[in-house]
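All chains are named by letter (A, B, ...) in the order of the sequence lines, taking the proteins before the strands, and each is independently numbered beginning at 1. Being a predicted model, the structure only gives us computed values, none of them experimental.
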Number of protein chains: 2
Amino acid sequence: MDEIKGNELRGHLETMVLSVLERGEAHGYEILQRLEDAGCGALKLKEGTLYPALYRLEGLGFLAARWEANEESRRGPRRRNYRLTRKGTAELARRRASWRSFVTIIGNIVEA
Amino acid sequence: MDEIKGNELRGHLETMVLSVLERGEAHGYEILQRLEDAGCGALKLKEGTLYPALYRLEGLGFLAARWEANEESRRGPRRRNYRLTRKGTAELARRRASWRSFVTIIGNIVEA
DNA sequence: AATCACTACCCAGTGTGTCTAAATATATAG
DNA sequence: CTATATATTTAGACACACTGGGTAGTGATT
């Protein structure tokens with residue numbers, strides 16, 4: 001199973017991010033790990049790819065973010081937690097539909 | 001069924017081209033039409049997108065091209081015919097496998 | 001003959017989004 | 001004190017699809 005390169009990912013990463021946030025809010029680094037875990041070793045995203053995507057999604061109003069409050073149980077670098085907004089949930093539904101249509105159409109061509 | 005935008009297509013167009021050429025050689029404009037026909041109205045490629053892809057694939061040795069000889073039955077603008085090379089056929093197999101892995105992995109994430 | 005529509009190819013410039021690669025910061029283990 | 005893991009940030013490079021134009025031959029319409 002070879003690696004999924006950047007070009008193939010284009011236009012789908014945001015949908016993936018929205019999807020993993022559907023199962024609960026998470027901070028950036030955690031999203032990265034959720035994606036990698038789900039990627040069967042084929043997905044090797046770097047921070048420099050994910051964070052700009054998060055900023056875009058936040059800017060579009062699909063995600064809301066807040067700095068995690070200090071907890072005594074955990075001292076470490078501050079984290080920024082992201083969650084789906086209502087708008088983001090609706091967008092996810094649209095992008096899922098778009099993903100399916102993409103797979104169907106391109107698949108029809110590629111799977112001759 | 002909304003349109004498939006450019007970013008989603010990235011990294012897949014070449015696979016699509018190799019695929020349509022599997023059913024027989026064709027010139028650029030015809031490839032464009034085959035893709036559009038198979039696209040259920042969602043694929044609107046322009047020449048400026050396809051031709052550079054053809055040049056890339058030719059440069060990589062996956063396609064061979066020749067100017068179509070003048071035929072008495074058809075007089076019109078010259079056509080450049082493309083066909084899969086042996087190398088191109090092997091590459092198509094690889095890219096198909098890659099496409100399937102892509103759909104599986106991204107699909108797993110997106111289809112929650 | 002002039003214009004239009006269709007076929008067919010070519011190309012320069014633009015833009016988006018992922019990649020590379022590095023910097024910053026805190027906590028724990030050796 | 002250094003290394004490792006966590007966690008965020010950003011600058012710069014680059015690939016590739018897009019926009020929107022251009023050339024040219026042919027047949028049909030005006």
Rounded to whole angstrom units, what separation is found between the [atom1] atom of [X] and the [atom2] atom of [N]?
X: A/His12; N: D/dC16; atom1: NE2; atom2: P; value: 15 Å
X: A/Arg80; N: D/dT9; atom1: CZ; atom2: P; value: 7 Å
X: A/Tyr29; N: D/dT8; atom1: OH; atom2: P; value: 10 Å
X: A/Leu9; N: C/dT16; atom1: CG; atom2: C1'; value: 14 Å
X: A/Ile31; N: D/dT8; atom1: CD1; atom2: C1'; value: 12 Å
X: B/Leu50; N: D/dT19; atom1: CG; atom2: P; value: 15 Å
X: B/His27; N: D/dG25; atom1: NE2; atom2: C1'; value: 14 Å
X: B/Leu60; N: D/dA15; atom1: CG; atom2: C1'; value: 13 Å

[X] side chain, from C-beta outward: closest of [options]:
X: B/Asn7; options: C/dC9, D/dT10, C/dG17; answer: C/dG17
X: A/Glu47; options: D/dT9, D/dT6, C/dC10; answer: D/dT9
X: A/Leu45; options: C/dC10, C/dC19, D/dA7; answer: C/dC19

**Prompt:** Do B/Arg78 and D/dA24 share a donor-acceptor pair, side chain to base, under 3.5 Å?
**Reply:** no
Can you find a side chain N or O atom of [X] that sits less than 4.0 Å from OP1 or OP2 on [N]?
X: B/Arg56; N: D/dA17; answer: yes
X: A/Arg79; N: D/dA7; answer: yes
X: B/Tyr55; N: C/dC10; answer: yes
X: B/Tyr51; N: C/dC10; answer: no

**Asked** Base, sugar-phosphate alone, or nothing: which one does A/Leu13 contact when heavy atoms must sit under 4.0 Å apart?
**Response** sugar-phosphate
**Asked** Under 4.0 angstrom, heavy atoms only, what part of the nucleic acid is B/Gly28 near: base, sugar-phosphate, or nothing?
**Response** sugar-phosphate
Short N-O contact, [X] and [Y], less than 4.0 angstrom:
X: A/Arg95; Y: B/Glu8; value: no
X: A/Arg78; Y: A/Glu68; value: no
X: B/Arg100; Y: A/Glu111; value: yes

**Complete:** Closest to the 5' end of DNA chain D, once B/Arg10 and A/Glu30 are matched to their nearest nucleotides, is A/Glu30
**Asked** Which heavy atom of A/Leu54 sits nearest a heavy atom of A/Gly28, and at what distance?
**Response** CD1-CA, 3.9 Å
**Request:** Could you walk me through whether B/Arg96 and B/Glu91 pass salt bridge (Lys or Arg N to Asp or Glu O under 4.0 Å), step by step?
**Result:** CA-CA 9 Å; B/Arg96 274 212 178 103; B/Glu91 180 67 11; over 6 Å; no
**Asked** Pick the nucleotide of DNA chain C nearest each of A/Thr49 and B/Tyr82; which residue has the one closer to the 5' end?
**Response** B/Tyr82
